[in-house]
Number of protein chains: 2
Amino acid sequence: MRVGELSSLSGVPTPTIKYYMREGLLPPGERTSRNQAHYDDRHLRRLRLIRALLDVGGLSVAVARDVIAALDSPDTGTHKLLGAAQQTVIRTAAYCDDEAREDATAEVLDLVHRQGWKVSADSPAVAAAAEVVGALRQLGLHDFVDRLDDYAHAADAIAATDLDLVRRRPDVDGMAEAVVLGNILGDALLAGLRRLAQVHRSAELFSSGPE
Amino acid sequence: MRVGELSSLSGVPTPTIKYYMREGLLPPGERTSRNQAHYDDRHLRRLRLIRALLDVGGLSVAVARDVIAALDSPDTGTHKLLGAAQQTVIRTAAYCDDEAREDATAEVLDLVHRQGWKVSADSPAVAAAAEVVGALRQLGLHDFVDRLDDYAHAADAIAATDLDLVRRRPDVDGMAEAVVLGNILGDALLAGLRRLAQVHRSAELFSSGPE
DNA sequence: CCATGATAGATAGTCCCGCTATCGGAAGTG
DNA sequence: CACTTCCGATAGCGGGACTATCTATCATGG
């Protein structure tokens, strides 16, 4: 197919498709002449992936490019790919000062130890979690931090399902996609499910309240 | 204190503080004359909240304003506040077409029923979850959707901790903050913890792999 | 076989967002 | 009284995600 058809099938405007190709999100089509190229359903699928990452996952174009590059890279062991997927989601915000961050990092490492997780201390995931813990502390929500283990336990259950799904994938390509999408869309999914569960439990708790 | 001190204590530049006041994120100080105002530690605390919402929570200024408005609103029952906090996190992206969204909504409502959750069908949380489910389906990750119940179970455990923390809050103001921050920072926290758990489990599974 | 319309590639422009810079006039401070 | 700080307002800036336009090409159908 040509660009016009790709556009109408995907719902993405032609100039935007060109933009994605310029930015390296979408591979170029198979050239048939100087100003003509063919696209196939891989392009269509890729476009859908891009829109999912941007719209549902809330990723920036630059981050989406990195994710896709990791997906395309042939030497991608699952463990390494997981690392790449992680990099993408980690916020690089520097909220709290160095001292608070150090304390928070120690706290997270303690938690990791309590959970029996084997994770290197310089993993970006540690830094990300520490950032949030530091923020919670600075805002005085210490009781929140006191329940870290509860949250960690739930996270462990989630990761178990994640990895199980990945393991069951028939092919490596599918595995890669499952890892990335499971993380990025999974975050959005979990946020939604958490809200749902909250609504239910909150209604039960405060059913005597207003409204 | 005056603006300069507020700025140095919070680490937020003076012009940015003024910008936040213009945008309604930060209440004005107590005016002492035509061009002088006093700020207190409530302003400092609020500034820290704002930075946490923006930097750690990844909210936009406009959404942060809505969150803060809900916090300030005096008539805020906890249940209602929870609803307000939810609105803020829901992505309004329209990824999939109407038909797919309808199917996905039905699927989510089924899940809600299986979990025994009592949630009205037009809750924004339902729409948010349905959006993700629709995206997963359109991308062909059906096995992911098959494990929805596992994720829902974990979400339920998380919500239980959330609500328990809220219930234990001594004052209403603290409750409101706990709800909002627990949701917004909690999402970031869970994402981090999930990555941590994944790293651990993935290392166990694929320890024979490269690196 | 040529007019018409779509296409590739390149460049420039647009809009929004989150600040940031500047300015005029007034107030505190040594 | 000089000097700094502050308020309020307006304007500007830099980045991100498109979007519009232009030219040279090519496919196609009457």
Side-chain angles (χ1 to χ4, degrees), chain A residues 1-40 43-44 46-47 49-68 88 91-95, chain B residues 1-40 43-44 46-47 49-68 88 91-95:
Chain A
M1 71 183 84
R2 294 187 297 172
V3 151
E5 198 178 349
L6 188 59
S7 169
S8 61
L9 282 179
S10 65
V12 178
T14 307
T16 305
I17 291 178
K18 290 205 223 172
Y19 167 67
Y20 289 157
M21 288 196 294
R22 278 201 304 280
E23 295 297 317
L25 300 189
L26 195 62
E30 190 192 346
R31 296 291 297 276
T32 62
S33 52
R34 178 171 290 279
N35 65 340
Q36 222 71 65
H38 285 160
Y39 307 91
D40 53 27
H43 289 90
L44 185 56
R46 170 62 54 90
L47 255 181
L49 172 65
I50 292 170
R51 297 317 297 234
L53 293 179
L54 299 185
D55 292 345
V56 183
L59 264 57
S60 71
V61 166
V63 171
R65 173 181 43 228
D66 295 346
V67 170
I68 286 170
T88 67
R91 292 191 199 290
T92 48
Y95 172 75
Chain B
M1 72 183 84
R2 295 186 295 170
V3 150
E5 198 179 349
L6 188 60
S7 168
S8 61
L9 282 179
S10 65
V12 179
T14 307
T16 304
I17 292 178
K18 290 206 230 171
Y19 167 66
Y20 289 157
M21 288 197 294
R22 279 202 304 280
E23 294 296 317
L25 300 188
L26 195 61
E30 189 191 348
R31 295 294 294 276
T32 62
S33 53
R34 177 172 290 278
N35 64 342
Q36 223 71 70
H38 285 161
Y39 307 90
D40 54 27
H43 289 90
L44 185 55
R46 170 61 55 91
L47 255 181
L49 171 65
I50 292 169
R51 297 317 296 234
L53 292 181
L54 298 185
D55 292 346
V56 184
L59 265 55
S60 72
V61 167
V63 171
R65 172 180 45 226
D66 295 345
V67 170
I68 286 170
T88 66
R91 292 190 199 290
T92 48
Y95 172 76

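Below, chains carry the letters A, B, ... as their sequence lines are ordered, and counting in each starts from 1.
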As a test of reading the structure: which of C/dA10, D/dT19, D/dG8 is closest to the side chain of A/Lys18, going by heavy atoms? C/dA10

Could you give me the CA-CA distance, side-chain angles and deciding distance for B/Ile17 and B/His43, then say whether side chain to side chain contact (heavy atoms under 4.5 Å, CB included) is met? CA-CA 10 Å; B/Ile17 292 178; B/His43 289 90; over 6 Å; no

How close or far is atom P of C/dC17 from atom OH of B/Tyr20, stated in whole angstroms? 15 Å

From C-beta outward on B/Arg22, which listed nucleotide comes closest to its side chain: D/dG8, D/dT19, D/dA11? D/dA11

Euclidean distance, B/Glu23 CD relative to B/Ile68 CD1, rounded to 0.5 Å: 11.5 Å

Could I get a table of every N or O pair under 3.5 Å where one atom is in the protein and the other is in nucleotides 27-30 of chain C?
residue, atom, partner, partner atom, Å
C/dA27, O4', B/Asn35, OD1, 2.7
C/dA27, O4', B/Asn35, ND2, 3.3

Between C1' on C/dA8 and CD1 on A/Ile17, what's the gap in Å once rounded to a whole number? 13 Å

Within this structure, what is the CG-to-C1' distance between B/Leu25 and C/dC17, rounded to whole angstrom? 13 Å

Restricting to side chain to side chain contact (heavy atoms under 4.5 Å, CB included), what partner residues turn up for B/Pro28, sequence neighbours left out? none

Should A/Thr16 be listed as having a side-chain N or O under 4.0 Å from OP1 or OP2 of D/dT19? yes

Going by distance alone, is a donor N or O of one side chain under 3.5 Å from an acceptor N or O of the other, for B/Arg46 and B/Tyr39? no

Which atoms of nucleotides 14-16 of chain D (N or O only) lie under 3.5 Å from a protein N or O atom, and what are those distances?
none

Distance check needed: C/dA6 C1' versus A/Met1 CE, whole Å only. 16 Å

Could you check how far CD of A/Glu5 sits from C1' of D/dA27, rounded to whole Å? 15 Å

